[in-house]
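Everything on this sheet refers to the single structure shown next.
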Amino acid sequence: MRVYLDNNATTIVDPQVKTVMDPFFCQYYGNPNSLHAFASDTHIDLNRSLEKIYAGINAPKEDSVVVTSCATESNNWVLKSIYFDYILTGRKNHIIISEVEHPSIIATARFLESLGTKVTYLPINSEGLIEAHTIRDFITDKTALVSIMWANNETGAIFPIEEIAEICQEKGVLFHTDAVQAIGKVPVNMQELKVDYLTFSAHKFHGPKGIGALYMRKGKELKPLLHGGEHMGGLRSGTLNVPGIVGMGKAMELAVDSLMFDMPDVKALRDHLEDELLKINDTFVVTPREKRTHNTMLISFRGIEGEAMLWDLNKAGIGASTGSACASEDLESNPVMEAIGAEADLAHTAIRFSLSRFTTKEEVDYTIGVVHEAVKRLRGISSSYAYTPKDHVSEL
Ligand code: PLP
């Protein structure tokens, strides 16, 4: 059996999305900016797809939703444009991000730091959550931007975006949220939220890879990051990815429906998996369930290296994630586990299971059996678990 439980990394393209994209590869392949019928053949579908994207986040018509190649581009765009407009010009010198942002924010912030920007890395608490009021302590009259993700990719922790946005507005500071892990998991309503910029990416909600977007509130438009043949109101260059936009539109429509219709089932499956895995001794989950996205669980099995568990899972056909930098030569611990201050031996044991509306009960039951067996096997050969004192069953 093959079981995919790594949906926070990417998702299967919904077959309905694939169907609507298909004609735009070999039939309607014109460049929308050309001056002939091959171009205009694409216009109706492009416009309809953009309307679906606006509708999915309830964005007012006058605001901009600019299509990008991915969330990494959208996140880079926000931070670098703010640098050019506010920091390089000397008007401001400071940005605030959380210490558990995606690398596309953290690495960009570090780069800007190397150019002289002051960066505050807002801490999370022991439950992996951000307390909105703490932002107040860090905002100064030199703060140009606050950028805090909506939902964390590792733990699923949902951050208090509404409150943070209110604080930023009150203090006159621009606010960006990386909503990559929020679309299809929490309702997004740009008519109500006081967010200036919002990032998302189609492949996280059953759309195609290579297409994302950046929402910008009217009057807060950023200078383009890419120049040369600007389109989308002059905000971005590069030939439009027509199949991608059509796919993202359909995927957004389905994600909004799914929030209503599939969320209870996905949550029930995630809770079942979690309940059964927590029956194993010395096992811990970060962030209370009600404060997490309904599909995600970051779980630690004391005494078992995350990579060793992944190996056993992979052999049994199950795809999950450790969230650590497996590609590096040093096996780094999970960054969120480190940020919450987990003991060193637990920080290396985290495994992330992330489900989707395509996950079945049969797959979850199979996974439960495989994990129980893997824990028995791996703890049997784990020197660190063997030496853990019996009464050492601490909280994280
Ligand atoms: N932001 C978050 C929270 C993510 O989880 C990811 C992908 O894992 C990204 C940004 C980057 O997305 P993309 O692959 O579209 O660049």
Side-chain angles (χ1 to χ4, degrees), residues 4-13 17 53 57 65-80 97-111 121-122 124 128-130 145-159 161 164 175-186 188 195 197-215 225-226 236 238 241 244-245 247-248 251-252 255 286-287 292-298 319-327 334-336 339 350 352-356:
Y4 186 71
L5 295 177
D6 200 12
N7 287 281
N8 287 8
T10 195
T11 56
I12 184 173
V13 173
V17 170
I53 297 167
I57 59 170
V65 178
V66 184
V67 171
T68 61
S69 63
C70 59
T72 298
E73 179 189 328
S74 304
N75 286 344
N76 268 262
W77 187 0
V78 177
L79 267 65
K80 288 176 179 167
I97 66 170
S98 84
E99 58 181 350
V100 293
E101 294 299 308
H102 185 265
S104 54
I105 292 284
I106 301 242
T108 309
R110 293 226 169 98
F111 172 64
Y121 297 87
L122 195 75
I124 53 169
L129 295 166
I130 282 181
L145 177 79
V146 172
S147 177
I148 304 288
M149 66 201 329
W150 197 325
N152 183 263
N153 41 306
E154 300 293 342
T155 57
I158 298 173
F159 294 151
I161 291 312
I164 297 173
F175 179 50
H176 165 243
T177 187
D178 172 349
V180 165
Q181 299 290 343
I183 301 288
K185 298 179 189 149
V186 294
V188 176
V195 166
Y197 309 108
L198 178 120
T199 287
F200 54 91
S201 182
H203 75 100
K204 305 288 182 169
F205 52 94
H206 304 289
K209 293 169 185 56
I211 189 96
L214 180 64
Y215 159 92
L225 188 65
L226 307 182
R236 188 178 182 273
N241 174 354
I245 296 171
M248 182 156 70
M252 179 64 92
V286 179
T287 310
R292 259 188 277 149
T293 46
H294 60 274
N295 75 318
T296 306
M297 167 198 338
L298 185 68
S321 150
T322 58
S324 68
C326 314
N334 182 291
V336 178
R352 180 185 70 190
F353 292 104
S354 46
L355 287 66
S356 82

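Start at 1 and go down the list; that is how both ligands and their atoms are numbered.
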- Task: Identify, with sequence neighbours excluded, every residue that meets ring pair (Phe, Tyr, Trp, His ring centres under 6.0 Å) alongside His294.
- Result: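 With sequence neighbours excluded, His294 shows a ring pair (Phe, Tyr, Trp, His ring centres under 6.0 Å) to no residue whatsoever.
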- Does Ser104 have any side chain to side chain donor-acceptor pair (under 3.5 Å) partners at least two apart in sequence or in another chain, and if so, which?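 Side chain to side chain donor-acceptor pair (under 3.5 Å) check on Ser104 returns Asn75, His102.
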- Message: According to side chain to side chain donor-acceptor pair (under 3.5 Å), who are the partners of Thr293, at least two apart in sequence or on a separate chain?
- Response: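 Only Asn295, Thr296 meet the side chain to side chain donor-acceptor pair (under 3.5 Å) criterion with Thr293.
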- Task: At a heavy-atom distance under 4.0 Å, which protein residues reach ligand 1? Sort them by chain and number, would you?
- Result: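 Near ligand 1, by chain and number: Cys70, Ala71, Thr72, Asn75, His102, Ser104, Met149, Asn153, Asp178, Val180, Gln181, Ser201, His203, Lys204.
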- Could you check if a side-chain atom of Phe159 sits within less than 4.5 angstrom of a side-chain atom of Thr177, using non-hydrogen atoms only?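 Counting from C-beta outward, Phe159 and Thr177 never come under 4.5 Å.
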- Query: Got a second to check how far Met297's CE is from Thr155's OG1, nearest 0.5 Å?
  - Reply: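 One gets 12.5 Å once the value is rounded to the nearest 0.5 Å.
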- Query: Looking just at side-chain N and O atoms, do Thr199 and Asp178 make a donor-acceptor pair shorter than 3.5 Å?
  - Reply: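 No, no side-chain donor-acceptor pair sits under 3.5 Å.
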